[in-house]
Amino acid sequence: MLPIFFQSCNDMISKWEAMLSSEGTCEMDVWPFLPNLTCDVISRTAFGSNYEEGQRIFQLLREQALLAVEIFLRANIPGWRFSPSKTHRRMQEIARDIETSLKGQEITSSLLVWTMVLLSRYPDWQQCAREEVLRVFGNETPDFDGLSHLKIVTMILYEVLRLYPPVIALVRTIQRNMKLGHLILPAGVDISLPILQVHHDHGLWGDDADEFNPERFSEGVSRATKGQVSFFPFGWGPKICIGQNFSMLEAKMAVALILLCFSFKLSPTYAHAPYTVVTLQPQYGAQVILHKL
Ligand code: HEM
């Protein structure tokens, strides 16, 4: 799997290098490249093909996401979600076409784009992470052992997942009448588990809850959360994400290789506008200025 991550990340970096000016800089929107990278990785891993060959599946995934938004926007029309509309029929067709295990690809690109935005905003953390990557790998190709030893990069990724969880909420349907704390929950009711709000809760995370401070994860997740379920970007319990190790490894590889090749800062044209199309994305892209190292 790691050689696939490495190859796909290198392909993306080569495209960025080809765009550099003679001074070794380039202003660009990195956001469109990141879903292509994660599609490429999952496509090569699942089908042994590259992004171009797996393209049909990813077009279907994007169409499905837009249809889901359409349904969400009409959710307040009573009974609409049960009606056999054209949107529903198309969604069912698409669902048959796509295996569940593909659903993580766009989510990982959300993690990567917010990591680039935050490291652009916090150059000290960017430098700190680069020094760690250089210390661990030097001129060697990143391997599994080294990636598992990237402590600062891991702290940064956790803090990005806390501030910008790609999945902002989970929904659960109550199967039978139950009591949860002081709440009585009747069967059939849908409840939302608001990941984004919990991750920003000042009572749980302190006064700096809205600030980027990877240091809070320096002693691991359970210390940072004081043993509470206040950090669950991958869900929790029996339905927890089965792709979390895959995506963390992929993200570490991508971040390590980008840090080794470029320094980057936000372009003045960047407009901070997180919005949700199934996952949390930058509405107007992620314009950065890259400098070749
Ligand atoms: C940063 C990346 C990712 C995040 C934040 C993420 C997050 C999540 C979340 C919140 C859930 C729902 C858990 C629940 O309903 O309680 C989930 C489920 C799932 N994820 Fe991920 N995911 C990521 C990457 C991936 C990747 C790369 C894959 C596949 C290679 C993947 C495969 C799945 C599958 C198959 C499920 C359904 C598990 C089940 O229902 O039993 N995810 N993920």
Side-chain angles (χ1 to χ4, degrees), residues 1-2 4-6 8-9 31 34-49 51 54 57-58 60-62 64-65 68 94-119 144 147 150 153-175 180 190-200 214 217 221 225 229-256 258 274 276-282 286:
M1 212 154 62
L2 272 189
I4 291 174
F5 290 168
F6 181 73
S8 299
C9 293
W31 171 233
L34 298 170
N36 285 3
L37 164 72
T38 50
C39 288
D40 195 21
V41 166
I42 197 81
S43 180
R44 281 183 162 128
T45 329
F47 310 111
S49 60
Y51 173 65
I57 288 182
F58 300 113
L60 287 171
L61 273 168
R62 290 204 182 101
Q64 186 82 317
I94 292 175
R96 277 195 295 273
D97 275 14
I98 303 166
E99 290 294 321
T100 9
S101 62
L102 296 182
K103 75 186 188 187
Q105 54 82 23
E106 277 214 8
I107 314 189
T108 311
S109 54
S110 164
L111 165 61
L112 285 174
V113 77
W114 295 118
T115 305
M116 285 213 65
V117 168
L118 285 164
L119 288 181
F144 182 81
L147 290 173
L150 292 178
V153 172
T154 307
M155 284 157 52
I156 289 170
L157 290 174
Y158 283 155
E159 184 67 341
V160 174
L161 285 168
R162 186 184 71 83
L163 287 173
Y164 297 93
V167 178
I168 62 164
L170 297 172
V171 176
R172 290 287 188 269
T173 303
I174 304 298
Q175 298 296 332
L180 188 69
D190 283 351
I191 56 162
S192 168
L193 308 171
I195 301 178
L196 185 69
Q197 272 100 327
V198 173
H199 284 189
H200 286 254
F217 286 102
V221 171
T225 56
V229 187
S230 49
F231 178 71
F232 53 112
F234 296 101
W236 201 265
K239 281 177 68 72
I240 197 162
C241 176
I242 56 165
Q244 63 173 299
N245 293 336
F246 182 99
S247 57
M248 285 299 284
L249 209 58
E250 181 183 356
K252 282 184 204 175
M253 175 70 90
V255 170
I258 293 169
T276 304
V277 182
V278 181
T279 59
L280 197 59
Q281 303 180 6

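Counting convention: from 1, in listed order, for ligands and their atoms alike.
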Colleague: Less than 4.5 Å apart, side chain to side chain, heavy atoms only: is that true for Val221 and Tyr158?
Modeller: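 A side-chain contact under 4.5 Å exists here.
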
Colleague: Please indicate whether any nitrogen or oxygen in Arg172 is less than 3.5 Å from any nitrogen or oxygen in ligand 1.
Modeller: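 Yes, at least one N or O pair falls under 3.5 Å.
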
Colleague: Name all residues meeting the side-chain hydrogen bond (donor to acceptor under 3.5 Å, both in side chains) criterion together with Thr279; count only those two or more places apart in sequence or in a different chain, and write none if there are none.
Modeller: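 Applying side-chain hydrogen bond (donor to acceptor under 3.5 Å, both in side chains) to Thr279 gives Gln281.
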
Colleague: Please confirm whether Trp236 comes within less than 3.5 Å of ligand 1 when only nitrogen or oxygen atoms on both sides are compared.
Modeller: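 Between Trp236 and ligand 1, no N or O pair is found under 3.5 Å apart.
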
Colleague: Mark up the atoms of ligand 1 that fall under 4.0 Å of a heavy atom belonging to Ser247, in ascending order.
Modeller: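 Near Ser247, meaning under 4.0 Å from one of its heavy atoms, ligand 1 has 1 (C), 2 (C), 24 (C), 27 (C).
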
Colleague: Are any side-chain N or O atoms of Ser8 and backbone N or O atoms of Phe5, one a donor and one an acceptor, separated by less than 3.5 Å?
Modeller: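 Side chain of Ser8 to backbone of Phe5, a donor-acceptor pair under 3.5 Å: no, none is there.
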
Colleague: For atom 23 (C) of ligand 1, which candidate among Cys241, Gly243, Pro166 holds the nearest heavy atom?
Modeller: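 Among Cys241, Gly243, Pro166, the closest heavy atom to atom 23 (C) of ligand 1 belongs to Cys241.
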
Colleague: Identify which of Ile242, Asn245, Leu193 has a heavy atom lying nearest to atom 35 (C) of ligand 1.
Modeller: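 Going through Ile242, Asn245, Leu193 one by one, Ile242 has the nearest heavy atom to atom 35 (C) of ligand 1.
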
Colleague: Taking 4.0 angstrom as the limit and counting only heavy atoms of Phe246, give me the atoms of ligand 1 inside it, by number and element.
Modeller: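 The atoms of ligand 1 under 4.0 Å from a heavy atom of Phe246 are 27 (C).
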
Colleague: Give the numbers and elements of all ligand 1 atoms closer than 4.0 Å to a heavy atom of Pro233.
Modeller: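 With Pro233 as reference, the close atoms of ligand 1 come out as 5 (C), 7 (C), 10 (C).
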
Colleague: Under 4.0 Å from any heavy atom of Gly235, which atoms of ligand 1 are there?
Modeller: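 That gives atoms 10 (C) of ligand 1.
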
Colleague: Is there side-chain contact between Met253 and Ile4, with heavy atoms separated by less than 4.5 Å?
Modeller: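 Not in contact.
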
Colleague: Shortest non-hydrogen contact from Glu250 to Leu37?
Modeller: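 Looks like OE2-O, 4.4 Å.
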
Colleague: Without swapping roles, check the side chain of His199 against the backbone of Glu159 for a donor-acceptor pair under 3.5 Å.
Modeller: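 Not a single qualifying donor-acceptor pair exists.
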
